[in-house]
Amino acid sequence: MKPFLIITQIIYSLSLLPWYVIWMMSFMSFDSGIGFGNSAFVLVITLYPVAIIICSLIAWKLRGGNTRLAVIINLVPLLWVAAFCGFMIFV
């Protein structure tokens, strides 16, 4: 359990480098004007590191008792990665 959490935390840490570039480029969505969709898009991208930190803390706290729940919570930030990969493939 502990190696799994450590490996995923390293992967999440490394993913913050490209996230920063994508986050900075996401503000270009406001070039056509400010709208709900643009704001939601930037907000969702902005919440990725927050999700990493919160889910990591909860997973480390739960690792002793409920390991299955700790793994599931630790994998929540992969929803952002999967959505981004799906977006890049289909668009």
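- From M1, atom CE reaches atom CG of N74 across 7.0 Å, with rounding to the nearest 0.5 Å.
- Under the 4.5 Å side-chain heavy-atom criterion for Ile, Leu, Val, Met, Phe, Trp and Tyr, I11 and L79 are members of distinct hydrophobic clusters.
- Counting heavy atoms of neighbouring residues, nucleotides and ligands inside a 6.0 Å radius, atom CG of L43 exceeds 12 of them.
- Connection of I7 to L78 is not established within any shared hydrophobic cluster, with ILVMFWY side chains joined at heavy-atom distances below 4.5 Å, either directly or through further cluster members.
- In this structure, the side chain of S29 engages the main chain of S26 through a donor-acceptor pair within 3.5 Å.
- Following chains of ILVMFWY side-chain contacts shorter than 4.5 Å, one cannot reach M28 starting from F41, and the two form parts of different hydrophobic clusters.
- Ring planes of F30 and F27: tilted class, angle from 30 to 60°.
- Judged purely by atom type and a 3.5 angstrom limit, T67 has no side-chain atom pairing as donor or acceptor with the backbone of R63.
- With hydrophobic clusters built from ILVMFWY side chains whose heavy atoms lie under 4.5 angstrom apart, I45 shares a cluster with F87.
- Separation of atoms CD1 (I58) and CD1 (I72) is listed at 13.0 Å; rounding is to 0.5 Å.
- With values rounded to the nearest 0.5 angstrom, L57 atom CG is found 11.0 Å from L62 atom CG.
- Side-chain atoms of W80 come within 3.5 Å of backbone N or O of V44 as a donor-acceptor pair.
- Remark: side-chain polar atoms of W60 are not paired, donor with acceptor, to backbone N or O of K2 under 3.5 angstrom.
- The side-chain heavy atoms of S32 and N38, taken from C-beta on, include a pair separated by under 4.5 Å.
- Both L47 and W23 belong to a common hydrophobic cluster when Ile, Leu, Val, Met, Phe, Trp and Tyr are linked at side-chain heavy-atom distances under 4.5 angstrom.
- I53 CD1 to L16 CG: the interatomic distance, rounded to the nearest 0.5 Å, is 8.0 Å.
- Atom CD of Q9 and atom CG of L14 lie 11.5 Å apart (nearest 0.5 Å).
- Taking the side chain as every heavy atom from C-beta outward, I22 and F84 approach each other to under 4.5 Å.
- For L75 against Y12, the heavy-atom pair with the smallest separation is CA-OH, 3.7 Å.
- The nearest pair of heavy atoms linking Y48 to V81 is OH-CG2, 3.8 Å.
- The minimum heavy-atom distance between I52 and S15, with the atom names listed, is CD1-OG, 4.3 Å.
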